[in-house]
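Below, each value reflects all heavy atoms present in this structure, side chains not excepted, and no hydrogens, waters or symmetry copies.
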Amino acid sequence: MADTPKSGQSEDHHAKPVVVDEAGLKSASAGTAPPRRRSRKILYIAIAAAVVVVLGLALGLGLGLGLKDHGGRGDENEPSNPTPSEPPVTPNGTVWQPPVGAKWQIILNSVLDVPSAKDANAKTSSQPLTPDVPVWDFDMFLHRNTSVIANLHALGKRAICYFSAGSYEPYTPDNTSFVSADLGKTMDGWPDEKWLDIRRSSVRNIMLKRLDIAAAMKCDAVDPDNVDGYQNANGLGLTKQDTIDFVRFLGKEASKRGLAMGLKNAGEVIEDVLDVVQFSVNEQCAQYNECDTFEKFTAAGKPVFHIEYPSGAPKAVSTKDSNKLCGATGADKFSTVLKGMDLDAWVEYCDGNVAETKVADTSSGDDNGDDDE
């Protein structure tokens, strides 16, 4: 998915740069907008040419020829790729492992309005948080300098913090940290966003800072999107192995910070990264008949947080459509939600329950973000 279309926000909100609660709210285009970061693969399979790197030795001098870098990746700080023989990663005891089947809600276009524990306890006649589910996935930058995560934790809930790890967005607080060599082609459907060269140390260092932010915010987990650029026209020559290396890099670094991490879509690399991630966040496996691919997660005791975007959502999903999507082959143990494509406050579950979460009013222009790193 690309960074959520922030529908429901006034035009001047998304026009202002680097103010997170405003510039981070990207308005939807006219008509049906794609979901926030639907990193769906393109419908053709590109035949990648094999890249042969020849290492020569300077005879008599014992000096190896330096690798020519793609787009400047060969600086001395470039992270080394994991070797095929590396042992599986065992996260430390502080990393949260969500259970298979955990119910959840995902909202990426708004700031959650979560009452404090004190206020929630005072509301004896109504549900303090709707829906009353244990896991919440939301935009990380939108929720900096808010009490949302602390309030969720006080209510016994878990917080998954979303950011894009594989695309450049001009409205994030750290957008000026990227250089032109980091950027690839414009993302299809998202004219302001570009694919990132996930092999570059400069990109990876920015993502390390984002993981630091998530840890400082006390997120329980991160949901890094757009890691599967190789399946799209990225303009960078990204490969499946690049995605594997990047996800393993992020997963290990997240674990060091006590953060669980999910794999967003990218079903082709599951077996190569399953040991460094704690859950899947999947979009539309039922629609594309791919849910059996993601059963590898539930078989390993790790949940699949599954999103479908049925016709009529939000608020007018037919029983026929919900039954079809919820009954998809392989998805019986998934944590499935039916959502509108802008991933707003509305949600429907496979048991027929429907809810709309209360979100904060950001129209006053209060800054919920923080430009400081």
Side-chain angles (χ1 to χ4, degrees), residues 1-11 13-14 25-40 43 101-114 126-139 142 160 162 188-190 223 225 264-265 281-291 294 304-363:
M1 252 185 314
D3 209 350
T4 30
K6 280 66 171 193
S7 59
Q9 302 297 322
S10 59
E11 289 296 324
H13 282 281
H14 62 80
L25 295 179
K26 180 179 176 183
S27 65
S29 58
T32 301
R36 181 158 196 195
R37 289 188 196 280
R38 282 178 63 196
S39 48
R40 292 299 315 165
L43 299 180
K103 295 192 76 171
W104 72 310
Q105 164 70 307
I106 178 170
I107 299 174
L108 297 183
N109 71 349
S110 303
V111 177
L112 303 183
D113 185 354
V114 181
S126 63
Q127 187 68 263
L129 188 61
T130 303
D132 188 18
V133 295
V135 180
W136 291 78
D137 191 333
F138 47 83
D139 184 276
L142 280 179
I160 300 176
Y162 170 98
D188 185 25
W190 298 99
D223 174 11
D225 204 354
K264 183 61 131 310
N265 299 320
V281 179
N282 169 263
E283 297 169 291
Q284 299 167 283
C285 72
Q287 180 177 340
Y288 291 96
N289 298 314
E290 299 171 342
C291 293
F294 294 86
V304 176
F305 294 117
H306 171 218
I307 311 165
E308 292 290 336
Y309 304 104
S311 175
K315 301 182 180 180
V317 180
S318 70
T319 300
K320 178 181 178 181
D321 285 347
S322 62
N323 288 343
K324 179 180 179 181
L325 295 172
C326 290
T329 300
D332 56 305
K333 294 182 180 179
F334 292 3
S335 302
T336 299
V337 292
L338 308 180
K339 298 284 294 186
M341 295 181 77
D342 61 353
L343 292 169
D344 63 7
W346 181 90
V347 63
E348 181 174 334
Y349 296 94
C350 289
D351 58 9
N353 286 327
V354 176
E356 189 157 0
T357 301
K358 185 179 180 182
V359 295
D361 179 10
T362 59
S363 61

Applying side chain to side chain contact (heavy atoms under 4.5 Å, CB included) to I107 and K339, what does each step give before you reach the verdict? CA-CA 9 Å; I107 299 174; K339 298 284 294 186; 4.2 Å; yes

Could you give me the CA-CA distance, side-chain angles and deciding distance for D223 and K264, then say whether side chain to side chain contact (heavy atoms under 4.5 Å, CB included) is met? CA-CA 7 Å; D223 174 11; K264 183 61 131 310; 3.3 Å; yes

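Atom CG of D113 sits about 9.5 Å away from atom CG of L129, to the nearest 0.5 Å. Once rounded to the nearest 0.5 Å, the distance linking CG of L338 with CH2 of W346 reads 6.0 Å. Note that the CG atom of N265 and the SG atom of C285 stand 9.0 Å from one another [nearest 0.5 Å].
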Would you give me the side-chain donor-acceptor pairs under 3.5 Å for residues 322-333, sequence neighbours excluded?
| from | atom 1 | to | atom 2 | distance (Å) |
| --- | --- | --- | --- | --- |
| S322 | OG | S318 | O | 3.4 |
| S322 | OG | T319 | O | 3.0 |
| N323 | ND2 | T319 | O | 3.3 |

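A 4.5 Å side-chain heavy-atom check between L112 and W136 finds at least one atom pair inside the cut-off. The closest side-chain heavy-atom distance from S110 to D344 is not below 4.5 Å. By the 4.5 Å heavy-atom criterion applied to side chains, D137 and Q105 are not counted as neighbours. Side-chain atoms of K103 and D351, non-hydrogen and from C-beta on, do get closer than 4.5 Å to each other. In this structure, V354 and V347 have side chains that are not in contact, with every pair of non-hydrogen atoms separated by 4.5 Å or more. The side-chain heavy atoms of S311 and D321, taken from C-beta on, include a pair separated by under 4.5 Å.
Between L142 and V111 the shortest heavy-atom distance is O-CG2, 3.6 Å. The two residues N109 and L343 come nearest to each other via the heavy atoms OD1-O, 3.6 Å. Shown here for A355 and T130, the closest heavy-atom pair between the two residues is CB-CG2, 3.8 Å. Here the closest non-hydrogen pair linking F305 and A102 is CE2-O, 3.6 Å.
At distances below 3.5 Å, at least one donor-acceptor pair connects side-chain atoms of Y349 with backbone N or O atoms of W104.
Side chains of Y309 and Q287: no donor on one and acceptor on the other come within 3.5 Å. Using modelled atom types and a 3.5 Å distance limit, the side chains of E348 and N353 yield no donor-acceptor pair.
By the ring pair (Phe, Tyr, Trp, His ring centres under 6.0 Å) test, F334 pairs with H306, sequence neighbours left out.
Screening residues 308-319 for salt bridge (charged side-chain N to carboxylate O under 4.0 Å, His left out), with sequence neighbours left out, gives K315-E356.
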